Amino acid sequence: MTVPSFSRNLALLSTGQIIGRLILFGTTIYLTRVLSAENFGITAFATGVLAWAALIVDFGLMQYAPLEVARQSLPATTLMRNVIGLRLVLTLAGFGALLLFVGIAPVTSVTALVIMIYGISLVTTAADLDWLFLGAQLMHVSAAAEILNQAVMLTGVLIFVHGPEDVILVPIVYLVSRLASSAFLIVMAFRRFGRVMPGIDRQVAKRLLLAAAPLAGTAGLAMVSHNFDLIYIGLVLGSAPAGLYAAAYRVVWVPTLLVTSYYVVLRPIFAKASTSGIGTIESLLGRSTRITMGLVPGVVAGGVLLAEPLVTLLFGQEYAAATQPLQLLFLALGLLTISRNYRLILVCFNRQGMDFWIMSGAAAINLVLNIVLIPHYGLTGAAAATVASEVFILIAGYIATWILIRHVPLGRYLVRPAITVSLMLALVAVTGPLPLLARAMLGAVSYIVLIFLMRVITVTDVRAFIESLAAERAIESTEAGL
């Protein structure tokens, strides 16, 4: 059987995710303008709560089940039967958690109703077979399902949601979009692997749950770091501030996805280099650090400088208060981009336990600071807590990597990017009368030119990175022919 190339799989999956994320971003822009901050906040708060319930339903199976598919240790139909069966049972627990939450949380009756309608979609989480196609390396199916999901969502809100009074229709449209994508995946799975009925085989289910439990724990930590602030804002400050904060967070979604794709590319390259000796991994780490340190300051500085006109352009003047939180979230994005170099090294050297403790510390910092800062500093306090947790991840990841391989680059790559970003900011500042899009494009082009002129990033770095990808693809082609 021909093994799909790494590069092709990455391109397919990333393209699907990016297109889906862009469609979702378009949906967000539309909803922020037609619902008002108050009602958009209700939907954002409700989906934040739903994410916790979905975590119960999934229980780490989305991360673990693809590994079982790839290993072919169990027939695909057996996995489908048991994963769907387990998730359907867990759906009862997830929906029960939602009932408990709306029963004790200080939310309005409209918010409670929206949450419970969203909760019906937990059934689609149970039936979601995206993990099956990821494990089988059929990325085009996964990408198509994501695009279908977001396209149906956007079409539905454009047709049915026209004002604040339609807020109750948003979770209904969401449910329909999830049903459409889940049905598509089920049909594709039945055609390729055969029809199955949900069920639970005791030994198989036990094996799956024990293996997936640690992944569920890690996902819970990530949820604390990236979701608790929105929930707490909704509970303490109300729906309108939650809507403002959610809008700010949506702006950094697309660049965050690009960062994720970058490290997906690096993972197998770093993993192979880790078996070739410290010298090889140091060379790759240095090159990746230089590339990320070269690009991050420009993105962060541009985001901070243009945050206010960007917010008002996308969402309207009503969301102007989201400017400062967005500026801090751009800073957090920059820290995340750099620190993931070190977390990747830890994973490649089988130091997942150390990475887990680093993320545990970050989650604890984020949780405590949100509780302390949000009542006094509002949205800015929430974003500051996110920045603080990312600072911890960067420092702790750097120290852990230094202990592991000793020579870890960072400080020596700070000077030239600082000079380059200063020149870019000066250029953007003097172009104030120009439209926002023109200023953003001018800043981006000038920064890219400057990082090469200042040798922050060199052509050699880019060529070496591309050659690493080509080498990875050549290895996979050879393995596929064996």
Side-chain angles (χ1 to χ4, degrees), residues 21 25 28 44 48 51 218-219 221-233 241-242 244-263 288-289 291-308 310-311 314-315 319 321-344 355 358-374 377-399 410 413-414 417-418 421 425:
R21 190 67 61 91
F25 190 54
T28 297
T218 303
L221 292 175
M223 192 73 73
V224 171
S225 295
H226 299 109
N227 182 276
F228 176 77
D229 48 6
L230 176 63
I231 302 300
Y232 197 62
I233 287 171
L244 297 176
Y245 194 69
Y249 236 119
R250 300 289 169 89
V251 175
V252 298
W253 267 11
V254 174
T256 301
L257 182 60
L258 295 176
V259 171
T260 301
S261 297
Y262 173 79
Y263 284 107
S288 180
T289 303
I291 291 173
T292 51
M293 282 297 301
L295 295 176
V296 160
V299 174
V300 173
V304 170
L305 188 66
L306 300 175
E308 182 175 6
L310 186 62
V311 165
L314 293 174
F315 309 123
Y319 290 82
T323 297
Q324 194 170 60
L326 177 58
Q327 292 172 326
L328 289 172
L329 291 174
F330 267 114
L331 177 57
L333 171 64
L335 295 167
L336 177 152
T337 303
I338 298 169
S339 69
R340 290 326 182 249
N341 282 297
Y342 308 125
R343 290 189 59 204
L344 185 57
D355 183 58
I358 290 173
M359 296 307 294
S360 297
I365 290 171
N366 191 284
L367 182 69
V368 172
L369 288 181
N370 272 307
I371 293 173
V372 172
L373 296 178
I374 286 176
Y377 301 100
L379 308 186
T380 301
T386 300
V387 171
S389 65
E390 290 296 341
V391 168
F392 173 82
I393 292 172
L394 176 60
I395 294 174
Y398 179 89
I399 293 173
L410 181 61
Y413 296 138
L414 291 174
V421 79
L425 286 174

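All values reported here derive from a predicted model rather than from experimental measurement.
Minimum heavy-atom separation, Ala242 to Ile233: N-CG2, 3.6 Å. Between Gln327 and Ala307, the shortest heavy-atom contact is CG-CB, 3.5 Å. Between Ala384 and Leu373, the closest heavy-atom pair is CB-CD1, 4.4 Å. Among all heavy-atom pairs drawn from Leu379 and Pro325, the shortest one is CB-CG, 3.5 Å. Residues Ala382 and Asn370 come closest through the heavy atom pair CA-OD1, 3.4 Å.
Distance alone, capped at 3.5 Å, places no donor-acceptor pair between the Arg343 side chain and the Asp355 backbone.
Between the CD1 atom of Ile365 and the CZ atom of Phe392 there is a distance of 4.5 Å, given to the nearest 0.5 Å. Interatomic distance, CD1 of Ile358 versus CD1 of Ile395, reported as 11.5 Å (0.5 Å rounding). For the atom pair CZ of Arg250 and CG of Leu326, the computed distance is 13.5 Å after rounding to the nearest 0.5 Å. Rounding to the nearest 0.5 Å gives a distance of 9.5 Å between OG1 of Thr386 and CG of Leu369.
In this structure, the ring pair (Phe, Tyr, Trp, His ring centres under 6.0 Å) partners of Tyr342, at least two apart in sequence or on a different chain, are Tyr398. For Phe228, the ring pair (Phe, Tyr, Trp, His ring centres under 6.0 Å) partners two or more places apart in sequence, or in a different chain, are Tyr232.
Tested against Ser389 for a side-chain contact (heavy atoms from CB on, under 4.5 Å), the candidates Asn366, Leu394, Asp229 yield a single pass: Asn366.
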Open item on the list: Would Leu314 and Phe25 count as a side-chain contact (heavy atoms from CB on, under 4.5 Å) here? Give the steps.
Closed with: CA-CA 10 Å; Leu314 293 174; Phe25 190 54; 3.6 Å; yes

Open item on the list: With side-chain contact (heavy atoms from CB on, under 4.5 Å) as the criterion, how do Val251 and Phe315 come out once you've worked through the C-alpha distance, each side chain's angles and the decisive distance to 0.1 Å?
Closed with: CA-CA 10 Å; Val251 175; Phe315 309 123; 3.7 Å; yes

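No more than 12 heavy atoms of other residues, nucleotides or ligands shown are found within 6.0 angstrom of CD on Gln324.
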Which donor-acceptor pairs under 3.5 Å do side chains of residues 328-339 form with protein atoms, sequence neighbours excluded?
unit_1: Thr337; atom_1: OG1; unit_2: Leu333; atom_2: O; d: 2.8
unit_1: Ser339; atom_1: OG; unit_2: Leu335; atom_2: O; d: 3.2
unit_1: Ser339; atom_1: OG; unit_2: Leu336; atom_2: O; d: 3.2

